[in-house]
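Heads up, the thing below is written out as structure tokens.
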Amino acid sequence: MKRLPPSSPGSSPDSSPESSPGSSPGSSRRKIMRTKRATPRQATSRTAFEYTALSPDDPLLAFEPYRHRQPRANSITPDLQREFIAHLAATGIVTSAARHVGRSMEALYKLKHRPGAEGFAEAWDRAMDLGVERLEDSALARAIEGSERLIIRGGEVIATERSHNEALVMFFLKTRLPDRYAPQAVNSAHVGPGHPVYERAARAYEEEARAKANDPEQVQRIKDSLDRKIGEWKRELLGEWNAKVRAYNAEHGTQLPVVSDEGELEFPDGGGKA
């Protein structure tokens, strides 16, 4: 726990030049983007949101943007496309990047799927991947370093305490080291031949199958099942054969024998078994 010096009278714990009402445009506090339309989903024009200029040295700006043949005032220009991609890579949030450039989600998605906008679409996907990676890095940093919590007494901050999110720590351990921390929750999409979890499961299955195959009771059950099926097939075939023999004898006046269930010949004149 880290104790803080007492604050001066009339000051608040979170007061700072950056958060004061008269902050300069260059302060580190980000200006909140607000829609200027009564119906947010109609915010498609260039005045729908406020946006700021993009840094020209962003590494994601090397893609080929979509160029409108007859650009209008609310067109998504190449500069806005690059600004959108850079903000998307920094945040990983499409809505935030759309607000940043002052264009609607609908207009941006339409542009992404237009013929000739393949460069913009590819940069969009790369920016999303980078945004997710940065989000993961940020979460990992919080899991390792923890977060600082203010301790307030009597309306004043008297100390700070660093705490760690145990659930976040375990999440990274289970996803980064699943064999050790989450063997039952391993993603099957990443498990295959050669993977220790796969090989362990394969060996267990082989041992179980071998034990079942050599179990005398299991062998007898299989034998009895096969005998029943063979007996059923035999009776069915003999029934069909004997029916044909009897029909032939009736039609031609012959005395051809039929076959009994025991496999012996039986003559229709009462001559008995052959």
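Along the sequence shown, the residues carry numbers beginning at 1.
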Inset, instruction - Working to the nearest 0.5 Å, report the span between OG1 of T95 and CG of L88. - result: 9.5 Å
Inset, instruction - May I ask you to test the L108-M105 pair for a side-chain heavy-atom distance under 4.5 Å? - result: no
Legend entry - Connected hydrophobic set around I222, excluding itself, where side chains approach under 4.5 Å: L226
Legend entry - Considering all heavy atoms, the nearest P257-L265 contact: CB-CB, 4.0 Å
Legend entry - Backbone of A204 reached by a side-chain donor or acceptor of E206 within 3.5 Å: no
Inset, instruction - Show your working on side chain to side chain contact (heavy atoms under 4.5 Å, CB included) between K112 and Y66 and close with a plain yes or no. - result: CA-CA 9 Å; K112 181 183 181 183; Y66 178 85; over 6 Å; no
Inset, instruction - Ignoring hydrogens and angles, tell me if any N or O in the side chain of R103 forms a donor-acceptor pair with the backbone of S75 under 3.5 Å. - result: yes
Legend entry - Interatomic distance, E161 atom CD to E148 atom CD [nearest 0.5 angstrom]: 10.0 Å
Legend entry - F84 versus A98, closest heavy-atom pair with distance: CE1-N, 3.8 Å
Inset, instruction - Answer with yes or no whether the hydrophobic clustering places Y248 together with L237; edges join I, L, V, M, F, W, Y residues whose side-chain heavy atoms lie under 4.5 Å apart. - result: no
Inset, instruction - Give a yes or no on whether E217 atom CD has more than 12 heavy-atom contacts from other residues, nucleotides or ligands under 6.0 Å away. - result: no
Inset, instruction - Decide yes or no on salt bridge (charged side-chain N to carboxylate O under 4.0 Å, His left out) for R126 and E122, but give the supporting numbers first. - result: CA-CA 6 Å; R126 293 203 312 269; E122 184 179 353; 3.7 Å; yes
Legend entry - R67 to P78 - nearest heavy-atom pair and separation: NH1-CG, 3.7 Å
Legend entry - Step-by-step side chain to side chain contact (heavy atoms under 4.5 Å, CB included) determination, D79 to R82: CA-CA 5 Å; D79 287 343; R82 293 189 177 94; 4.0 Å; yes
Inset, instruction - Could you walk me through whether T91 and H100 pass the side chain to side chain contact (heavy atoms under 4.5 Å, CB included) test, one step at a time? - result: CA-CA 11 Å; T91 63; H100 183 75; over 6 Å; no
Legend entry - Side-chain cluster (under 4.5 Å, hydrophobic types only) that I93 belongs to, other residues: none
Inset, instruction - May I ask you to decide if the ring planes of W124 and F120 are parallel, tilted or perpendicular, using 30° and 60° as cut-offs? - result: perpendicular
Inset, instruction - Nearest 0.5 Å please: distance from the CD1 atom of I85 over to the CG atom of L80. - result: 11.5 Å
Inset, instruction - Grab the two heavy atoms, one from H68 and one from I76, that are nearest each other, plus how far apart they are. - result: NE2-O, 3.3 Å
Legend entry - Approximate separation, where rounding is to 0.5 Å, of E145 CD and L140 CG: 9.0 Å
Legend entry - Shared hydrophobic cluster, Y109 / M128 (ILVMFWY, side-chain heavy atoms < 4.5 Å): yes
Legend entry - CZ-CD1 distance between R149 and I151, expressed to the nearest 0.5 angstrom: 5.0 Å
Inset, instruction - Locate the shortest heavy-atom distance separating A97 from H87; write the atom from each residue and the value. - result: CA-CD2, 3.3 Å
Legend entry - Interatomic distance, L238 atom CG to S260 atom OG [nearest 0.5 angstrom]: 8.0 Å
Legend entry - salt bridge (Lys or Arg N to Asp or Glu O under 4.0 Å) pairs, two or more places apart, involving residues 222-234: K223-D227
